[in-house]
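Below is one structure, written out as structure tokens; comments come after it.
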Amino acid sequence: MARNLKIRDLTLRDGQQSSFATRMNQEQIDRCLPFYKDANFYAMEVWGGAVPDSVMRYLNENPWTRLETIYKAVGSVSKLTALSRGRNLFGYAPYTDEIIDGFCRNSIQSGLGIMRIFDCLNDVDNVKSTIKYVKKYGGIADCSVCYTVDPKYPELGFWAKLTGKSNPKPVFTDAYFLDKAKQMAALGADMITIKDMSGLIPPRRVATLVRLLKKNLSIPVDFHTHCTPGYGLASVLSAIIAGVDIVDTNCWYFAEGTGAPAIELVHVFCKKLGIETGVNMEAVAKINTQLREIRKELNQSVFGTEKPEPKAFNPLTDTLPDEIDALFDKAIAAAQRDDEEATLDACRKIEAYFGFPAPNELVQKAEIPGGMYSNMVAQLKQLKAEEILPRAMELIPTVRLAAGLPPLVTPTSQIVGAQAVNCALDEKAGRPMYTNKSSQFVGLVKGEYGKTPVKIDPEFRFKICGVREETPYDTSKYQMQPNPELPEAGGVKLAANEKEVLLLELFPLVAKTFLTDMKVKAYEASKPAEPAVKAEEKHAEEAQAAITGNTVTAPLPGRVIELKVKVGDTVKAGDEVVILEAMKMENAITSDYAGTVKQVLVAEGQTVATDAVLVEIA
């Protein structure tokens, strides 16, 4: 009897997030849904990650409507899945069990079938509550072990070796990942995912891990990866041959590059291996017809340019050239004999033939996530200190080890990268390292994110946080977000029901803006239309004064989370004027000029583009 392999399609969540900044609107999603109902994927990832935040922030749409609409269209043909950050859910703060309970209940009632749960430290304690409540309400708890690698420590000098010093022993061993998986299974996990967020796991390593987990666990094993450094397709093939139960893929026009491998290429491999996926590839071809047009729309609206698309391919109707077909056979044979180099060579040639992006060699060699690197570059660009990037990269292992060797996954990858930049800046200015530290780094070292893979030196913790003992985040002090009445919307509550309250808890600023706008629009629609002349006069009154002074601009796109100044304040060069959240990190925006604040041109909660004027200083 043929072996079955289940496919989880990521296109509508991770696929669009990885390649198109999570900008698919509901109308674009709706175009694809009739064909998804026929595609028969085991599961479809449609929610979580950046989706709930982005649909409110950029599209002015309701996240719950996104989930409910997809469920109404697809039903139980495919299980709908979401990605959550354990106790942090979709937000960035640890939440109480009451909120986790309400969130899981409402998600499952709205159509969610599987919750994929991970923790940025692989701290199993942080996933307990979500497992409990997902299962309580009839959902499937998919627990992820975040794959990461040990740092490349600097080469020890002669004197260090002579005095007996050595670099730390490896932490992220096969035994480490198996132990985490076993702990999660003991808590009730219904499946385990090897979650390789950065695409850093090579074929031989994933094959070893899959065999190890399959031997020691009685629950299904899923493999999730990305193609950024060039391992993705080859590693998925190796995982399949090693016996993995489920693999994550994207449809053709949203696949590869920074995303997951293409289902079409996996289909060819499986057909040659005699493996059944159960996926209706005719329906997938129809999905791709829609995605090709949506890709063009997103390129123009989000990036303002046309990114090269892969060569069209339908495995049901297109005949592969003999030399390309032979590459599929070579890749399979190489993976079966654990020949990693030959597997990678054949898979990369296949991807090149179809016009998919080449491997990102910088990410591959540095063994850090691409997003972590781009965040560091953006931070240094903002500070006009790009020349210290090499030194900041060198400091990553030192900073990461001092902070307990956290896995490099959101948000810890950004926290470590930003602190390495701060340390390089301190060093350049002749200050002791860690003179400047982000609030997130302080929280990580203090213990607010959970238990780190290795213990943090109490003296280092005291230096950074002022305490020697690990101090977890105290959820008993958690305060619910205010839910005021809105006079401008006729006195209705900001959040009218439990689902809106949950949005407010998870995304305070974004949800406040979204819900206020929604309530005001509904109220305005119920009143007689305002005369056009009055609307014009109102617009004129609100128009900003002409800018004649010096300006502080946004160095990168983000959201204003705090204004540090108001009109009339006196500032010095170097003073903080705005705190901008970008790439899930808080960035302090400083003034290059001394003077008096003439205009503040943004509001807290507002999303701004690169080079947007934030403050005028006269």
Side-chain angles (χ1 to χ4, degrees), residues 21 23 53-54 56-60 300-305 371 374-389 392 414 417-418 421-422 424-426 428-429 435-440 508-510 512-514 516-517 536-618:
R23 294 298 202 279
D53 182 309
S54 292
M56 287 190 290
R57 184 195 300 259
Y58 301 115
L59 306 175
N60 203 32
Q300 290 302 319
S301 64
V302 180
F303 304 111
T305 183
S374 61
N375 191 69
M376 292 172 69
V377 170
Q379 189 182 3
L380 287 167
K381 183 178 179 182
Q382 172 197 331
L383 298 167
K384 299 179 177 63
E386 293 95 328
E387 74 282 356
I388 69 165
L389 179 62
Q414 288 91 332
V421 167
N422 283 339
L425 290 168
D426 287 338
K428 182 183 177 184
T435 298
N436 289 306
K437 47 196 180 286
S438 71
S439 59
Q440 289 94 341
L509 287 175
V510 174
K512 181 181 178 183
T513 302
F514 167 72
T516 300
D517 185 58
E536 290 169 6
E537 289 170 2
K538 183 179 178 183
H539 179 74
E541 288 172 8
E542 292 176 350
Q544 67 187 47
I547 297 173
T548 57
N550 295 312
T551 59
V552 179
T553 59
L556 65 173
R559 180 183 55 165
V560 176
I561 61 172
E562 186 179 356
L563 294 172
K564 292 282 196 176
V565 295
K566 61 183 182 301
V567 174
D569 284 356
T570 300
V571 297
K572 303 187 297 295
D575 282 355
E576 293 181 4
V577 294
V578 172
I579 303 296
L580 188 71
E581 182 193 64
M583 293 170 284
K584 301 177 179 134
M585 291 293 294
E586 293 178 10
N587 298 268
I589 312 302
T590 58
S591 173
D592 291 333
Y593 312 100
T596 302
V597 176
K598 182 181 177 183
Q599 287 191 88
V600 177
L601 295 104
V602 292
E604 290 184 357
Q606 183 177 336
T607 299
V608 296
T610 303
D611 296 327
V613 179
L614 307 175
V615 175
E616 179 187 6
I617 297 171

> Name the one of Thr596, Val552, Thr570 that satisfies side chain to side chain contact (heavy atoms under 4.5 Å, CB included) with Ile617?
Replying inline: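 Testing Ile617 for a side chain to side chain contact (heavy atoms under 4.5 Å, CB included) against Thr596, Val552, Thr570 leaves exactly one candidate, Val552.
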>> Using every non-hydrogen atom in the two residues, find where Val560 and Val578 come nearest and quote the distance to one decimal.
In response: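 Smallest heavy-atom distance, with atoms named: CG1-CG1, 4.0 Å.
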> Do you know the tightest heavy-atom contact between Ala603 and Leu563?
Replying inline: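 Of all heavy-atom pairs spanning Ala603 and Leu563, the closest is CA-CD1, 4.4 Å.
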Atom pair [atom1]/[atom2] of [X] and [Y] - distance to nearest 0.5 Å:
{"X": "Asp592", "Y": "Asn550", "atom1": "CG", "atom2": "CG", "answer": "9.0 Å"}
{"X": "Asp575", "Y": "Lys564", "atom1": "CG", "atom2": "NZ", "answer": "10.5 Å"}
{"X": "Leu59", "Y": "Phe514", "atom1": "CG", "atom2": "CZ", "answer": "10.0 Å"}
{"X": "Thr513", "Y": "Glu604", "atom1": "OG1", "atom2": "CD", "answer": "10.0 Å"}
{"X": "Leu389", "Y": "Lys381", "atom1": "CG", "atom2": "NZ", "answer": "13.5 Å"}

> Between Leu425 and Asn436, is a side chain to side chain contact (heavy atoms under 4.5 Å, CB included) present by the stated rule, with each step listed?
Replying inline: CA-CA 9 Å; Leu425 290 168; Asn436 289 306; 5.9 Å; no
Could you check if a side-chain atom of [X] sits within less than 4.5 angstrom of a side-chain atom of [Y], using non-hydrogen atoms only?
{"X": "Glu616", "Y": "Thr548", "result": "yes"}
{"X": "Thr553", "Y": "Val608", "result": "no"}
{"X": "Gln440", "Y": "Gln414", "result": "no"}
{"X": "Leu614", "Y": "Ile589", "result": "yes"}
{"X": "Ile547", "Y": "Leu601", "result": "yes"}
{"X": "Lys566", "Y": "Val597", "result": "no"}
{"X": "Val421", "Y": "Leu380", "result": "yes"}

